[in-house]
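The structure under discussion appears below in the form of structure tokens.
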Amino acid sequence: MIIDCHCHLGGPGLFGRWDTQARLDRYLRRAARAHIDRTVLFAAFHPDYAVANREVARIVAARPGRFYGFAFVHAVRDRGRITDLVAEGVERFGFRGIKVHKHDARITREVCEAARAFAIPVLYDIMGEVSIVELLAHKYPDVTFIIPHLGSFDDDWRAQIALIDHLERHPNVYADTSGVRYFDLLQETVARAGAHKLLFGSDGPELHPGLELEKVRLLRLPPTDEQLVLGGNALRLVRSDGRQPRHGRTGHFAGGQPQRAAFPPHRMSETAL
């Protein structure tokens, strides 16, 4: 199984193509040709992540065998309601993780504690601020952190090399391959930290999933290691164990599985697909 651990659903923003016209139709055709089986889907930048997450949930519910959903939160703007946003995502929509971006705001304790409560990973784009990883790994050893782009989408090789050290030393820190152009650093990641610490991601729909996948193929890993990077690691990290959240919510899980998502009566957005 091949799992793309990093794909956005476009929104109403005006930062760039990724949140103004990022539709999934072209991504899905490209992913099908590349034989990608499943995709972790989350919002692009959005003025209200409660709204954005519900749009993602509609897409996930329409094709539950194709997508895993992550709840996007703004660490500052959503302060005081992050647990509620994550609870809605996990308990109502069956989401498997949290997405945070430093472009919005630096990650906070509230985000980490929500991830701990629901036993789900955090995919946090640090935008090259590698020093925070040491603090996160030590303060929240029971929370899994996935750092996209090997630490920097801006090709900051210093940050990417520094992140490899964290991958090597901290068992709860992982990285994805999306948008990494320095191929030798992907090779160094596997050599130093191991294939079990790296996840295939495309940063779709704007980046081509087939092209991003080929970078992993070109690593020429042993078959067992390649399968870890392509899907095994992601599948392990996003599995739903049905654990009750620590903040005392009850009655939302039945038989260890989240309830079927319920949505407003309007139709799913046609432009999203």
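Note that the coordinates shown come from a computational prediction; the quantities given were computed from them, not determined experimentally.
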Are the side chain of Asn233 and the backbone N or O of Leu199 linked by a donor-acceptor pair below 3.5 Å? no
Would a hydrophobic clustering, with Ile, Leu, Val, Met, Phe, Trp and Tyr connected at side-chain separations under 4.5 Å, put Phe93 with Val56? yes
Does a side-chain heavy-atom distance below 4.5 Å link Phe67 with Leu24? yes
Pro205 vs His8 side-chain heavy atoms within contact, under 4.5 Å: yes
Run the numbers on Asn53 and Glu88 for side chain to side chain contact (heavy atoms under 4.5 Å, CB included), then give the verdict. CA-CA 9 Å; Asn53 291 338; Glu88 179 178 56; 5.6 Å; no
Roughly how far, to the nearest 0.5 Å, is CG of Leu163 from CD1 of Ile126? 5.5 Å
When every non-hydrogen atom of Ala34 is compared with those of Leu213, the smallest separation belongs to O-CD2, 3.5 Å
Atom CZ of Phe145 and atom CG of Leu167: how far apart are they, to the nearest 0.5 Å? 13.5 Å
When hydrophobic residues are tied together by side-chain contacts of less than 4.5 Å, even through go-betweens, does Leu207 share a cluster with Leu211? no
Are His74 and His46 close enough that their ring centers fall under 6.0 Å? no
Counting only heavy atoms not in Arg236 (residues, nucleotides, ligands), do more than 12 fall under 6.0 Å from its CZ? yes
Answer yes or no: is there a side-chain heavy-atom contact under 4.5 Å between Leu123 and Pro148? yes
Value rounded to 0.5 Å, distance of CZ in Phe200 from CG in Asp4: 4.5 Å
In terms of hydrophobic clusters joined by side-chain contacts under 4.5 Å, are Leu218 and Leu150 together? yes
Test log, rule side chain to side chain contact (heavy atoms under 4.5 Å, CB included), inputs Leu221 and Gln227: CA-CA 9 Å; Leu221 300 174; Gln227 185 50 46; over 6 Å; no
Under a 4.5 Å side-chain heavy-atom rule over Ile, Leu, Val, Met, Phe, Trp and Tyr, are Val51 and Phe95 clustered together? no
Heavy-atom check, side chain of His6 versus side chain of Ile146, under 4.5 Å: no
Atom CG of Leu186 and atom CD1 of Ile164: how far apart are they, to the nearest 0.5 Å? 8.0 Å
Quick check on the hydrophobic clustering: are Phe153 and Leu185 connected, directly or via other members, by side-chain heavy-atom contacts under 4.5 Å? no
Just so I know, are the side chains of Leu9 and Arg58 near enough to count as touching, which here means a heavy-atom distance under 4.5 Å? no
For Arg106, does the CZ atom sit with more than 12 other heavy atoms under 6.0 Å from it, leaving out its own atoms? no
Under the salt bridge (charged side-chain N to carboxylate O under 4.0 Å, His left out) test, residues paired with Glu214 that sit two or more places apart: none
So, for Ala115 and Val122, which heavy atoms are closest and what is the spacing to 0.1 Å? CB-CG2, 3.4 Å
Begin from the C-alpha positions of Asp125 and Lys102 and carry the test side chain to side chain contact (heavy atoms under 4.5 Å, CB included) through to its verdict. CA-CA 6 Å; Asp125 192 330; Lys102 183 176 174 285; 5.8 Å; no
For the side chain of His149 and the backbone of Ser178, is there at least one donor-acceptor N/O pair under 3.5 Å apart? yes
When you compare the side chain of Leu237 with that of Tyr174, does any pair of heavy atoms fall below 4.5 Å? yes
Please lay out, stage by stage, how Phe118 and Ile98 fare under the test side chain to side chain contact (heavy atoms under 4.5 Å, CB included). CA-CA 10 Å; Phe118 289 94; Ile98 302 172; over 6 Å; no
Any salt bridge linking Glu168 with Lys197? Criterion: basic side-chain nitrogen under 4.0 Å from a carboxylate oxygen. no
Distance-only side-chain donor-acceptor flag, Arg116 / Tyr140, under 3.5 Å: no
To check you understand the geometry: which heavy-atom pair defines the closest contact between Pro141 and Asn172, and what is its length? CA-ND2, 3.6 Å
Less than 4.0 Å between a side-chain N and a carboxylate O, is that true for Asp48 and Arg81? yes
Look at the side chain of Gln187 and the backbone N and O of Leu219, then say whether any donor-acceptor pair between them is shorter than 3.5 Å. no
How long is the span from the OG1 atom in Thr108 to the CD atom in Glu113, to the nearest 0.5 Å? 8.5 Å
Taking the side chain as every heavy atom from C-beta outward, state whether Val100 and Val73 have any atom pair closer than 4.5 Å. yes
If you define the side chain from C-beta out and look only at heavy atoms, does anything of Tyr124 sit under 4.5 Å from Val111? no
Tyr49 vs Phe72 aromatic rings, parallel, tilted or perpendicular, using cut-offs 30° and 60°? parallel
With a cut-off of 6.0 Å (strictly less than), are more than 12 heavy atoms of other residues, nucleotides or ligands near CZ of Arg192? yes
Which heavy atom in Ala193 sits nearest to a heavy atom in His196, and how many Å separate them? O-CE1, 3.1 Å
With a sphere of 6.0 Å drawn around CZ of Arg79, does it hold more than 12 non-hydrogen atoms of other residues, nucleotides or ligands? no
What are the two closest heavy atoms between Val229 and Ala195, and how far apart are they? CG2-O, 3.6 Å
Can you tell me if Glu134 and His170 form a side-chain donor-acceptor pair at under 3.5 Å? yes
Drop me the distance from Ile147's CD1 to Ser152's OG, to the nearest 0.5 angstrom. 12.0 Å
For the residue pair Phe70 and Phe42, categorise the inter-ring angle as parallel (less than 30°), tilted (30 to 60°) or perpendicular (more than 60°). tilted
Closest non-hydrogen atom pair between Val180 and Lys215, with its separation: O-NZ, 2.7 Å
